[in-house]
Amino acid sequence: MTERRKILVTSALPYANGPIHLGHLVEYIQTDIWVRFQKLRGHECIYLCADDTHGTAIMMSAQRTGCTEEEWIAGISEEHQRDFAGFGVEFDNYGSTNSPENYELCKEFWQAFREAGLVKEEAVTQLFDEEKGIFLADRFVSGSCPKCGAEEQYGDSCDQCGATYSAREIINPVSTLSGTTPTVKTADHLFIQIEQLHDFLEEWTQSGTHLQTEIANYLKGHFLNEPLRDWDVSRPQPYFGFEIPDAPGHFWFVWFDAPIGYMASTKQYCDRTGEDFDGWWKDPNTEIHHFIGKDITYFHTLFWPAMLKVANFNLPEKIHIHGFLTVDGKKMSKRDGTFVKAETFLKHLNPAALRYYYASKLNNRVEDLDLNLKEFTTKVNTDLVGKVVNLASRTAKFVQEIGLAETYPDDGGLFQQGADAGNAIADAYEACDFNRAMRLIMELADRANPYVESHEPWKLRKDPERQQELQAVCTVALNLFRQIAIYLKPVLPEIAEKTDALLGEPITDWAQAATPLTGSPVAKFEHMMKRIEEKDVDAMIEESKEENAAAAEAANETQFADSPQPLIDEPLAEEITFDDFMKVDLRVARVVKAEHVEEANKLLKLTLSLGGDETRQVFAGIKKAYNPEDLEGRLVVMVANLAPRKMRFGVSEGMITAAGPGGEEVFMLGIDEGAQPGQRVH
RNA sequence: GGGCCUGUAGCUCAGUUGGUUAGAGCAGGGGACUCAUAAUCCCUUUGUCGGCGGUUCGAGUCCGUCCAGGCCUACCA
């Protein structure tokens, strides 16, 4: 075997502001599998993580629930760790960015930046919420676009005209935190002049070994083709974080201290085990691997290497970047019940099933992974229960009393083939191409079952003369099974443990897959894995839906807690008279035809009937929210006397009434049973 | 607007540096078996490899272009 590597692995630090869900788990399960693989290969490998605990959002959450930030993050940390443990994600240390270790390390980094002369102070003018007493990040500001005047625009760009601008230029800005009009304030911020590391970053990102190629290209095209802007790493108080020692009243921005949290967690690990911290972060023979989602790419591929470089620590050997999770082809949705919390999954289903399913779908590219619930059920049942576990369950009891044969019988080369496949499987694991690894392993199972089939042990056992033959066949089957269990151990540690119990020989090393077990006793076979029932999957989705509904209801009950956001986004219009109102002729109409408009992103072409032969053609911006086929036949409320308007695709002779900000969030007005097309609404 | 990625059987995907009649699993159809968690085994149907054009003796694989989908576009987590 190759020499013993020293590998430090991390997953992204989950933000301490919400529960772990199936989307998070893609990353933690992926990382955990990789780590367990490395450990099984005999390498020295540690897996570190921590909660990411700083920033405005945490402050707001603590405030809302009436506890201190420390209490808030302690509660979340406990939940997170419980959920990870539930899925067999095993960290060597789980820390927090709000730890003394992290503070000390932040100081060290900061000192290094100061000494390198990379820190610069500059005044930043920002909108300020007087009521809450905080500076407003762009996303907490809404108002009208300064270019086109479109209302309800957030932050620094307009989704109507595409203009980008500073939040300060927004017309009639409103703080989305308090609903008040923000004032303009100036504060000093500290910046890191990262451009001075441009050449280094160019070389590091483009070297071809540390990043996936699509990521390297992306960085090259977006950031490295122009001077890197200074990175704003401080926030004025109030802010939940670490106060910068040489700049009282200023705090490190959450993204400054978050990645340092990887190291703080290492520090805790070392303090606990007596290991040498520098051995992990300064020894050039140590490999550092970060697993992250594509959303935090630039922090990990530009800022983080720059920080490590300046502070003279090891650079990452590889940043493994994965895509997001979709469920049944769509983004996870609370309304559809596909936003499943880790906790909810565990109530209904076996975590091993998810580990295997993810493994069977993961590759080393930055693609999204789809959890197809139907496929999930059949794949896990067929592969794991039907093919793999079945090998043991169909043969173990035949040799329960006599144990395995003393010498390994002739199996036609099956075991050897499996041993030979070990390297290819290991390569796939190493490259994070778990999908390939799983396919290779299942090929072994697909060869093993026909072996059992053709040797018919169930017939042999009835013939007292052929007991030796029976023992031979079962010895082969159980060894083939164990070989598979070894290869699957990174994904399914529990199955491996149950195999240990069955055959009495612990699986501790990958190399064991090359040597068959002989002469050992065979214990009574115990079920290793239950089939997934479709009803359990349904129940999980149902419960997720209910959780969402309950949360929404609770929000309502707790003192009319509907968000003030809609009114903030669109304040009430000027008062009108009854006569004014009567000018608008609202009518019930039936959608008799609904069709897509070629070349239109948002529009559907609707033919509305007002009863009799009276019809209107209306173009409505609801394409992203409704399917045409679902609309046909439905009653809607339309503005029937609106002046026709010529649009690019034809004339629109009215307007459908609907609420919501637009895009996918459009909610058409319905009308109760009994209304007739043509009736006026008043 | 710019950039990146993807588009191969009903579904999920393999297809290595361009080379013979394009593959696997699942699903579907037919049969066998009964040891096993209605598991397993055997046989079997299906593809203008997104469209068009080009390079080549030869392209799913390279180039161009168009179409569709996804994602990104730093001082937002």
Side-chain angles (χ1 to χ4, degrees), chain A residues 15 17-18 52 54-58 122 124 126 137-140 154-157 162 164 166-167 189 191-192 194 212-223 225 228-235 253-255 258 294-299 301-303 323-324 326 329 331 357 360-361 363 365-372 374-379 381-398 433 435-436 438-440 442-443 445-446 448-462 470 473-474 477 525 527-533:
Chain A
Y15 200 53
N17 206 25
D52 179 15
H54 292 154
T56 313
I58 304 275
E122 203 171 278
V124 171
Q126 256 185 311
D138 287 356
R139 73 199 158 102
F140 294 129
Y154 288 84
D156 60 359
S157 69
T164 57
S166 140
H189 280 231
F191 291 79
I192 291 175
I194 197 170
Q212 288 130 301
T213 51
E214 60 260 53
I215 297 294
N217 290 342
Y218 157 70
L219 295 172
K220 193 173 183 178
H222 273 94
F223 309 106
N225 59 350
L228 295 161
R229 292 187 220 167
D230 297 335
W231 182 29
D232 184 353
V233 292
S234 80
R235 293 292 182 272
F253 175 48
V254 55
W255 266 108
K294 61 185 179 181
D295 51 333
I296 53 177
T297 295
Y298 49 76
F299 292 105
T301 56
L302 295 174
F303 299 151
F324 294 147
T326 55
K331 275 187 188 169
Y357 183 76
S360 76
K361 307 270 291 190
N363 58 30
R365 280 178 296 186
V366 195
E367 283 171 5
D368 288 355
L369 185 159
D370 186 46
L371 166 58
N372 179 308
K374 181 100 185 4
E375 186 198 33
F376 167 69
T377 308
T378 59
K379 194 174 192 77
N381 287 344
T382 305
D383 289 359
L384 296 185
V385 182
K387 290 180 182 171
V388 177
V389 171
N390 188 228
L391 276 172
S393 74
R394 71 193 303 196
T395 55
K397 72 173 184 186
F398 297 151
D433 203 349
N435 157 273
R436 185 176 173 76
M438 294 309 108
R439 248 182 309 125
L440 291 169
M442 284 311 136
E443 278 177 21
D446 282 336
N449 273 306
Y451 171 87
V452 177
E453 199 77 16
S454 64
H455 288 77
E456 301 179 310
W458 52 93
K459 283 189 183 159
L460 297 176
R461 85 178 156 142
K462 290 174 186 158
L470 172 67
V473 170
C474 294
F525 180 79
H527 264 26
M528 294 189 172
M529 189 172 201
K530 229 181 71 189
R531 297 172 61 77
I532 298 179
E533 307 266 355

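Numbers restart at 1 for each chain; the letters A, B, ... are given by sequence-line order, proteins then strands. A quick note: this is a predicted structure, and the numbers were derived from the prediction, not measured.
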Measuring from the side chain of A/V254 (C-beta onward, heavy atoms only), which nucleotide among B/U40, B/U37, B/A77 has the closest atom? B/A77
B/U17 pairs with which nucleotide, Watson-Crick or G-U wobble, both distances below 3.5 Å? none
Please determine if a side-chain N or O atom of A/R531 lies less than 4.0 Å away from the OP1 or OP2 oxygen of B/A39. yes
Determine, using ring centers only, whether A/F303 and A/W255 are less than 6.0 Å apart. no
Within a strict 4.5 Å, meaning less than it, do heavy atoms of the A/D370 and A/E375 side chains meet? no
cation_pi(A/K294, A/F324) dist<6.0 Å, angle<=45: yes
In Watson-Crick or G-U wobble terms, with both distances under 3.5 Å, the base opposite B/G7 is B/C67
With P as the reference atom in both, quote the distance from B/G31 to B/A24 in angstrom, rounded to an integer. 23 Å
Cationic tip of A/R461 within the cone over A/F398's six-membered ring, i.e. under 6.0 Å and within 45° of the normal? no
Nearest-angstrom distance from the residue atom CG of A/L219 to P of B/U73: 12 Å
Would you indicate which nucleotide in B/A74, B/A14, B/C11 comes nearest to any side-chain atom of A/R229? B/A74
Proximal nucleotide (of B/G25, B/A14, B/C42) relative to the A/D383 side chain: B/G25
Selected nucleotide, minimal atom distance to A/R461 side chain, candidates B/C35, B/G25, B/U6: B/C35
Which nucleotide, in any strand shown, forms a Watson-Crick or G-U wobble pair with B/G47, with both distances under 3.5 Å? none
Distance check needed: B/C26 C1' versus A/I532 CD1, whole Å only. 14 Å
Quick one: are A/L384 and A/R531 in side-chain contact, heavy atoms under 4.5 Å? no
Please state how far atom CG in A/D370 lies from atom P in B/G69, giving the value in whole angstrom units. 17 Å
Please measure how far the C1' atom in B/U16 lies from the corresponding atom in B/U61, and state the result in whole Å. 10 Å
Can you tell me the distance, in whole Å, between the CD atom of A/E533 and the P atom of B/U37? 14 Å
RNA chain B: 5'-proximal contact among A/S360 and A/T395 (nearest heavy atom): A/S360
Ranking A/K462 and A/R365 by the position along RNA chain B of their nearest nucleotide, the one closer to 5' is A/R365
Can you tell me the base-pairing partner of B/G1? Count Watson-Crick or G-U wobble geometry only, both distances below 3.5 Å, and say none if there is no partner. B/U73
Do any side-chain nitrogens or oxygens of A/W458 fall under 4.0 Å of OP1 or OP2 in B/C33? no
Spacing of the C1' atoms in B/C52 and B/A59 (rounded, Å): 15 Å
What is the distance, to the nearest angstrom, from the CG atom on A/N381 to the P atom on B/A36? 19 Å
Heavy atoms, side chains only, cut-off 4.5 Å: are A/T301 and A/I215 in contact? yes
Ignoring backbone atoms, establish whether A/R439 has a side-chain N or O less than 4.0 Å from OP1 or OP2 of B/G15. no
Starting at CG of A/N449 and ending at C1' of B/C35, how long is that distance when rounded to a whole Å? 11 Å
Per A/E375 side chain, nearest of listed nucleotides B/G70, B/A77, B/U12: B/U12
pair A/W458-A/V452: side-chain heavy atoms closer than 4.5 Å: yes
Can you tell me, in whole Å, how much space there is between the P of B/U73 and that of B/A27? 40 Å
Picking from B/C42, B/A77, B/G25, the nucleotide nearest the side-chain atoms of A/Y298 would be B/A77
Can you tell me the distance, in whole Å, between the CZ atom of A/F324 and the P atom of B/U6? 17 Å
Roughly how many Å is it from NZ in A/K379 to C1' in B/C26, rounded to a whole number? 7 Å
Is the phosphate of B/A36 approached by A/K397 (side-chain N or O, under 4.0 Å from OP1 or OP2)? yes
Checking contacts here: which listed nucleotide (B/C35, B/U34, B/U37) is nearest the side-chain heavy atoms of A/K459? B/U34
Please state the P separation for the pair B/A22 and B/C41 - nearest whole angstrom. 27 Å
Let's test this: given Watson-Crick or G-U wobble pairing with both distances under 3.5 Å, identify the partner of B/U40. B/A32
Side chains of A/V233 and A/F191 in contact at under 4.5 Å (non-hydrogen atoms): no
Among B/A77, B/G70, B/U40, the nucleotide that comes nearest once only the side chain of A/T382 is considered: B/U40
Of B/G25, B/C41, B/A77, the nucleotide closest to the side chain of A/E453 is B/C41
Nearest to the side chain of A/T378 - B/A77, B/C26, B/U37? B/C26
A/N363 side chain near B/A14 phosphate (N/O to OP1/OP2, under 4.0 Å): yes
Look at the side-chain N and O atoms of A/R394 and state whether any lies under 4.0 Å from the OP1 or OP2 oxygen of B/A39. no
